[in-house]
Number of protein chains: 2
Amino acid sequence: MNPKFYALPQEKQRAILNAGFHVFSQNTYKKSPMSEIAEAAGISKALLFHYFQNKKELYLFLWDTCAKITVEEMTRSGVYEQTDLFGSMDSGMQAKLRLIRQYPDISTFAVRAFYEKDPEVSADIQKSMGQYLNAHAAKKLEKLDSEDFIPGIDLQMMYREMYWATEGCLWEYIQRGIMDVNAMEKDFRALLDFWKKVYLRKEREDL
Amino acid sequence: MNPKFYALPQEKQRAILNAGFHVFSQNTYKKSPMSEIAEAAGISKALLFHYFQNKKELYLFLWDTCAKITVEEMTRSGVYEQTDLFGSMDSGMQAKLRLIRQYPDISTFAVRAFYEKDPEVSADIQKSMGQYLNAHAAKKLEKLDSEDFIPGIDLQMMYREMYWATEGCLWEYIQRGIMDVNAMEKDFRALLDFWKKVYLRKEREDL
DNA sequence: AATAGTATTGACCGATACGGTTAATGGAGG
DNA sequence: CCTCCATTAACCGTATCGGTCAATACTATT
């Protein structure tokens, strides 16, 4: 990667990143043309090849950047410091929303890249991945105090259920292709409130 | 579409359908080559063009067939007869699983086709769609008796949440690309049991 | 075995799209 | 006017695309 890329004004950098995220998220690696990315970024194909030697380099750069940005945003919102379950879900959600606001296609790109099978890139992707996967969830679960929740509930199942629901909600927006972050936030918050009312012992006793 | 297609042995028909669902679900309409579909189906490209005049015809045929099969499978599992909420979710789930078992990529195809923007096909897709969308959910909600559920719960939110969770769970499998239907069934059933325990008044009173 | 009819394909066509290069253009600073 | 660098239009060889067609393989009938 040409270091001059970083000398670009931030908005132009973001435009290029987003163009890459978008095109690579809609099609396979092989079927995602550089010309389309350049056009979506508002620059010429030649200039894109000036910043990135070839398609593979751009792709892997996007992958690394994607991981970097994500971790940055997570720490920034204090996900790793939270102890309370709903609190950490809340800040995790906020991190995700900030991410999507800046890079609408980053989640879709991340998923597709992770499962990409093209031999030209798949090995490199998998190699750089090992670290990121979450032993996080397990730790979070251990810390939960079952006294806080309604009696007899399966906490692990509860956690998986909540995870799936947020993903399902997010997916609905992704499919639709319109990333209305405000509407998303509303939905997420409604979910959180709903869960608190249903799962927390204190809340239930008030009824 | 050449009527001789229906004269083919069922397994061959399914192979072609699945090949189409698969290729069109991985890439945009424009970037999904007929050659790839033919190869995935185990026939020559020429033969594929013998059954379907052109790419567009095949695509729309897949779309119609997709709708047809889905409705068939739904009625067969009696989704529309069920009155009880969890009962109808159960049979709906079973219909979906049977679908996926026979046509692993049909859900992904359906979603992509629905949001496809290529002017060559998008109009036809949207035109034939109007009917299918669910006024179903609304009706289901009206019939619910709030006495059956824990007090103070927002039934509409509960329904949305359950819908998202199943979609999120399904998505996890889709992304991974391995449609392990048995594992999926286990997950779905665990979700249903979990919900019954948490949401139903009778169940909660037993604790 | 010869024939007729059908299922299936390899080879081909013109057009286009691809990744990547290069020589030229444009503009800002001295 | 000159230098330097960002930026691009035009180009190159190749691969792939949708679609066709003439030829082959296969099956059933006589």
Item to complete: Give a yes or no on this: more than 12 heavy atoms of other residues, nucleotides or ligands lie within 6.0 Å of atom CD of Glu39(B).
Response: no
Worksheet item: Does CD belonging to Gln126(B) count more than 12 external heavy atoms closer than 6.0 Å?
Response: yes
Grab the [atom1]-[atom2] distance between [X] and [N] for me, whole Å please.
| X | N | atom1 | atom2 | result |
| --- | --- | --- | --- | --- |
| Glu39(B) | dG10(C) | CD | C1' | 15 Å |
| Ile37(B) | dC17(D) | CD1 | C1' | 12 Å |
| Phe5(A) | dA6(D) | CZ | C1' | 15 Å |

Worksheet item: Counting only side-chain N and O atoms of Ser35(B), is one of them less than 4.0 Å from OP1 or OP2 of dC17(D)?
Response: yes
Fill in: Contacting residues from residues 17-31 of chain B, given that a heavy atom lies under 4.0 angstrom of DNA chain D
none
Worksheet item: Which residues, if any, of residues 43-62 of chain B bring a heavy atom under 4.0 Å of DNA chain D?
Response: Lys45(B), Ala46(B), Phe49(B), Asn54(B), Lys55(B)
Worksheet entry | Passing candidate, side-chain contact (heavy atoms from CB on, under 4.5 Å) with Phe24(A), options Lys31(A), Lys55(A), Arg112(A), Glu116(A) | Lys55(A)
Response to the item:
Nearest-nucleotide check on DNA chain D, Glu120(B) vs Lys4(A); residue mapping nearer the 5' end is Lys4(A)
Worksheet item: Relative to the ring of Trp63(A), is the ring of Phe109(A) parallel (under 30°), tilted (30 to 60°) or perpendicular (over 60°)?
Response: tilted
Worksheet item: Relative to each other, are the rings of Phe52(A) and Phe61(A) parallel, tilted or perpendicular (30° and 60° limits)?
Response: tilted
Worksheet item: Between Glu120(B) and Tyr29(B), does any side-chain donor sit less than 3.5 Å from a side-chain acceptor?
Response: yes
Practice prompt. Decide yes or no on side chain to side chain donor-acceptor pair (under 3.5 Å) for Asp187(A) and Tyr173(A), but give the supporting numbers first.
Written response: CA-CA 11 Å; Asp187(A) 281 341; Tyr173(A) 283 97; 2.6 Å; yes
For residues 83-90 of chain A, which side-chain N or O atoms pair as donor and acceptor with protein atoms under 3.5 Å away, sequence neighbours left out?
residue, atom, partner, partner atom, Å
Asp84(A), OD1, Phe86(A), N, 3.4
Asp84(A), OD2, Gly87(A), N, 2.6
Ser88(A), OG, Leu85(A), O, 2.9
Asp90(A), OD1, Gln94(A), NE2, 2.9
Asp90(A), OD2, Arg189(A), NH1, 3.2

